[in-house]
Amino acid sequence: MPTTSGPRTTSQRKKKSSKKSPGLDVSVKRRFQTRLLKWYEKHGRDLPWRKTSDPYHILVSEVMLQQTQVERVIPKYHEFLDRYPSFEELADAAVSDVKKTWYPLGYNIRPERLHSIACETMERYGGRLPSDAEELLSFKGIGRYTAGAIRSFAFNEDAPILDTNVIRVLHRVFMAKGDPKTQKAKLWQLSEALIPSGKGYDFNQAIMDFGAICCTARNPSCRQCTMKSFCKTYPFDQK
DNA sequence: CTCCCGGTAC
DNA sequence: GTACCGGGAG
């Protein structure tokens with residue numbers, strides 16, 4: 001693969017969008033990537049599951065985070081891992097005990113599914129969580145978001161994620177029009193197209209922090225937002 | 001008190 | 001489309 005730019009570059013530059021992500025301006029894409037990663041360096045949260053590369057720990061955090069706020073997950077994440085430090089210990093535990101440890105996070109089907117994932121990982125994968133998307137999606141309890149989160153956070157793959165934070169950020173910055181709920185396919189394409197090569201981990205963590213801290217559902221910080229010069233929704237707030 | 005929110009399985 | 005289960009806003 002040639003690494004130097006040649007005549008080909010010029011003809012590619014003329015196109016402002018690709019088939020993969022129609023309407024995505026290459027310069028806006030580049031600025032979004034750069035500014036997001038820069039913002040993350042300065043404002044990124046110091047969360048416990050960002051200090052580990054153990055896929056089991058990442059899985060536990062992601063299942064807890066599926067429908068529960070970060071602040072409530074943090075203490076339970078530590079407590080759960082103290083009691084069940086690995087897939088093996090979780091698989092060997094009684095489901096009733098796992099559910100007790102889970103309380104009061106809610107959605108109590110989640111500890112059952114987490115336990116079954118641990119059992120299946122021990123039995124079918126030798127205690128090692130697979131990184132393949134299809135295999136991850138075959139587990140009850142791992143959907144498209146969690147599969148992407150595990151692939152990017154536990155295995156450093158450039159896999160897209162789309163949760164409510166990411167939906168809100170991408171819809172505001174790049175789309176602005178229409179109901180985000182009905183444009184999931186396009187948002188998944190955007191989420192994938194925006195990941196800078198080799199930086200899936202940082203980019204995905206960054207966009208979730210950005211949605212949680214700056215591009216919030218209520219009262220977003222548009223005035224000081226690093227994306228405001230090209231955001232299709234700016235200014236959203238009235239403050 | 002009454003809504004409203006949210007990943008996944010169904 | 002709905003249920004799941006808690007927290008938070010109004």
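Everything quoted here is computed from the prediction, not taken from an experiment. In what follows, every chain begins at residue 1, and chains take the letters A, B, ... in the order their sequences are listed.
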Is it the case that the side chains of [Y] and [X] hold a donor-acceptor pair, with the cut-off being a distance below 3.5 Å and no angle test?
X: A:T146; Y: A:Q66; value: yes
X: A:E62; Y: A:Y145; value: yes
X: A:R110; Y: A:T68; value: yes
X: A:R124; Y: A:S138; value: no

Margin query: Please report whether the ring centroid of A:F32 lies less than 6.0 Å from that of A:F174.
Written below: yes
In whole Å, what is the span from the [atom1] atom of [X] to the [atom2] atom of [N]?
X: A:F139; N: B:dG7; atom1: CZ; atom2: P; result: 21 Å
X: A:K184; N: B:dT8; atom1: NZ; atom2: C1'; result: 11 Å
X: A:I142; N: B:dC10; atom1: CD1; atom2: P; result: 14 Å
X: A:M64; N: C:dG6; atom1: CE; atom2: C1'; result: 15 Å
X: A:I161; N: B:dG6; atom1: CD1; atom2: P; result: 15 Å
X: A:K140; N: C:dC4; atom1: NZ; atom2: P; result: 18 Å
X: A:L162; N: B:dT8; atom1: CG; atom2: C1'; result: 14 Å
X: A:Q66; N: B:dG6; atom1: CD; atom2: C1'; result: 10 Å

Next item on the list: Using a strict 4.0 Å threshold on nitrogen-to-oxygen distance, state whether A:D46 and A:K51 make a salt bridge.
Entry: yes
Note to self: If the threshold is 4.0 Å, N to carboxylate O, is there a salt bridge linking A:D25 and A:R30?
What the structure shows: no
Notebook entry, point to check: Counting heavy atoms not belonging to A:K199, are there more than 12 under 6.0 Å from its NZ?
Noted result: no
Notebook entry, point to check: Do the side-chain N or O atoms of A:T164 get closer than 4.0 angstrom to the phosphate oxygens (OP1, OP2) of B:dG7?
Noted result: yes
Next item on the list: First locate atom CH2 of A:W102, then atom CZ of A:R83, and finally report the distance between them rounded to the nearest 0.5 Å.
Entry: 14.0 Å
Next item on the list: Just call it for A:L65: base, sugar-phosphate, or nothing, with non-hydrogen atoms closer than 4.0 Å on any strand.
Entry: nothing
Margin query: Using a heavy-atom cut-off of 4.0 Å across all strands, would you classify A:T68 as base, sugar-phosphate, or nothing?
Written below: nothing
Give me, pair by pair, the N or O atoms of the protein and of nucleotides 8-10 of chain C that are less than 3.5 Å apart, along with how far apart they are.
none

Notebook entry, point to check: Going by heavy atoms closer than 4.0 Å, what residues in residues 98-114 of chain A are next to DNA chain B?
Noted result: A:Y107, A:R113
